Amino acid sequence: MTEILDGKLLSFKIRENIKKDVEVLKNSGISPCLAVIVVGYNKASLKYVSFKEKACKELGIESMIFKLPENTEEINLIKLIEELNNNQRINGILIQLPLPSHLDQNAILEKISPFKDVDGFTPYCLGRLLTDNPLFIPCTPKGVLKMFDEYKIALEGKHAVVVGRSIIVGKPLSLLLLRKNATVSICHSRTRNLTEITKKADILCVAIGKERFISADMIKEGAVVIDIGINVTDTGRVVGDIDFDEVKEKASYITPVPGGVGPMTIAMLMENTVIAAKIQKELSG
């Protein structure tokens, strides 16, 4: 029988541990604080920010939300980031992506202090992940690995296929799978004969933002299937990149959407924020 990987339940367990860590930090005089910057009025981005704000409140983490207009100039955004870098009260800085097209995302992410980069997207953090010495691991890939650990899904020697190559999910997830001794294939929009590759996957992770793109005939019997996509249908239903109803009949494990990877991403952001607070406590002596 197919087992559903319940990210909502696991994230609840992780949050309980985070709550305890926050209490310990507060008792030592450290109050974890996350700063979130959102530029423009993208409805999805604003919704995600509200989820993060709610999670902070529930766990006792202070949050500071900076909502900037769509036409914000790059120099002004960078100035805000530098101010937050220098603010000892703030432990973590997150820039809600995507940014408006007139802003250089890479140049802006580079301005975040690596020790406050709770999203793990700065070149420094990604470089440390590449060299097997991670500082902050990007939240979504980190959440996926936590699910593998929780459900005792073996990765060593398995063929893992990652569909999607963003720095947010695909690339860091591939590195994490390699660290667990999986053999990794990365597929993307220019990959030829995609089905031939996905059908060989023992572990299939999909993050491409295409509604129910992966069908049952694209996976092999007994594969572990991780759906990292979030799409809204014409009827307003939230679905993933995988045709869940079809694929669950062939998979050994599968994540639902919603209720799978999404809650884990938020939990990992909270965990990274607490780690940042601990690091800055050590740095301050």
Side-chain angles (χ1 to χ4, degrees), residues 32-57 59 61-130 134-143 164-173 207 209 228 230 261-277 279-280:
C33 180
L34 172 66
V36 179
I37 301 172
V38 57
V39 184
Y41 308 102
N42 181 293
K43 288 183 179 180
S45 290
L46 291 170
K47 189 172 184 179
Y48 293 146
V49 168
S50 71
F51 290 156
K52 292 164 185 175
E53 189 174 17
K54 182 181 177 184
C56 284
K57 187 175 181 181
L59 299 179
I61 297 172
E62 185 179 354
S63 63
M64 300 175 68
I65 312 298
F66 297 85
K67 295 180 180 179
L68 306 181
E70 185 87 21
N71 61 354
T72 296
E73 294 183 11
E74 193 167 302
I75 189 170
N76 293 327
L77 178 52
I78 290 172
K79 183 180 177 182
L80 173 58
I81 293 168
E82 290 172 346
E83 289 173 358
L84 297 175
N85 283 338
N86 295 323
N87 188 335
Q88 293 185 357
R89 180 184 170 195
I90 291 167
N91 305 116
I93 300 171
L94 180 152
I95 297 177
Q96 185 64 44
L97 302 177
L99 289 168
S101 58
H102 70 282
L103 297 172
D104 185 336
Q105 177 175 299
N106 290 334
I108 288 164
L109 289 175
E110 285 182 12
K111 299 299 181 182
I112 299 173
S113 164
F115 297 102
K116 296 189 178 186
D117 176 26
V118 289
D119 249 344
F121 296 156
T122 59
Y124 181 85
C125 284
L126 289 172
R128 283 191 55 163
L129 179 59
L130 181 65
L135 179 58
F136 293 108
I137 297 173
C139 301
T140 298
K142 185 178 182 181
R165 54 178 170 177
S166 72
I167 66 162
I168 297 173
V169 180
K171 288 176 182 175
L173 178 56
I228 309 169
I230 298 178
V261 175
M264 292 299 297
T265 298
I266 300 290
M268 294 302 97
L269 173 61
M270 300 298 106
E271 185 173 275
N272 280 354
T273 301
V274 169
I275 292 170
I279 289 172
Q280 287 160 59

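Bear in mind the structure is a predicted one, so any value in this text is a computation, not a measurement. Computation of the quantities below employed the complete heavy-atom set of this structure, encompassing side-chain atoms and omitting hydrogens, waters and symmetry-equivalent molecules.
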How long is the span from the [atom1] atom in [X] to the [atom2] atom in [Y], to the nearest 0.5 Å?
X    : Y    : atom1 : atom2 : answer
C56  : E62  : SG    : CD    : 9.5 Å
I168 : T140 : CD1   : OG1   : 8.0 Å
I230 : Y48  : CD1   : OH    : 4.0 Å
M270 : I61  : CE    : CD1   : 5.5 Å
I228 : M264 : CD1   : CE    : 12.0 Å
L94  : L269 : CG    : CG    : 5.5 Å

Closest heavy-atom contact between [X] and [Y]?
X    : Y    : answer
T265 : C139 : O-CB, 3.6 Å
I167 : P172 : O-CG, 3.1 Å
Q105 : P98  : OE1-CA, 4.5 Å

Requested in this report: Taking the side chain as every heavy atom from C-beta outward, state whether I275 and I279 have any atom pair closer than 4.5 Å.
Outcome: yes
Query raised in the report: Do other residues, nucleotides or ligands put more than 12 heavy atoms under 6.0 Å from the CD atom of E74?
Result: yes
Report task. Check the surroundings of atom CD in Q88: do more than 12 heavy atoms from other residues, nucleotides or ligands lie under 6.0 Å from it? Result -> no
Query raised in the report: Excluding sequence neighbours, so at least two apart, what forms side-chain contact (heavy atoms from CB on, under 4.5 Å) with P69?
Result: Y41, N71, T72
Query - Donor-acceptor contact below 3.5 Å, side chain E53 vs main chain S63 - result: no
Query raised in the report: Does A276 offer a backbone N or O that forms a donor-acceptor pair with the side chain of Q280 under 3.5 Å?
Result: yes
Report summary line: Paired with L99, the side chain to side chain contact (heavy atoms under 4.5 Å, CB included) test is passed by just one of L68, I37, I108, namely I108
Please tabulate, one pair per line, all N/O donor-acceptor pairs under 3.5 Å involving side-chain atoms of residues 109-121, not counting sequence neighbours.
{"residue": "S113", "atom": "OG", "partner": "F115", "partner atom": "N", "Å": "3.3"}
{"residue": "K116", "atom": "NZ", "partner": "L84", "partner atom": "O", "Å": "2.9"}
{"residue": "K116", "atom": "NZ", "partner": "N85", "partner atom": "O", "Å": "2.9"}
{"residue": "K116", "atom": "NZ", "partner": "N87", "partner atom": "O", "Å": "2.8"}
{"residue": "K116", "atom": "NZ", "partner": "I90", "partner atom": "O", "Å": "2.9"}
{"residue": "D117", "atom": "OD1", "partner": "G120", "partner atom": "N", "Å": "3.1"}
{"residue": "D117", "atom": "OD1", "partner": "F121", "partner atom": "N", "Å": "3.3"}
{"residue": "D117", "atom": "OD2", "partner": "F121", "partner atom": "N", "Å": "3.0"}
{"residue": "D117", "atom": "OD2", "partner": "T122", "partner atom": "N", "Å": "2.8"}
{"residue": "D117", "atom": "OD2", "partner": "T122", "partner atom": "OG1", "Å": "2.8"}

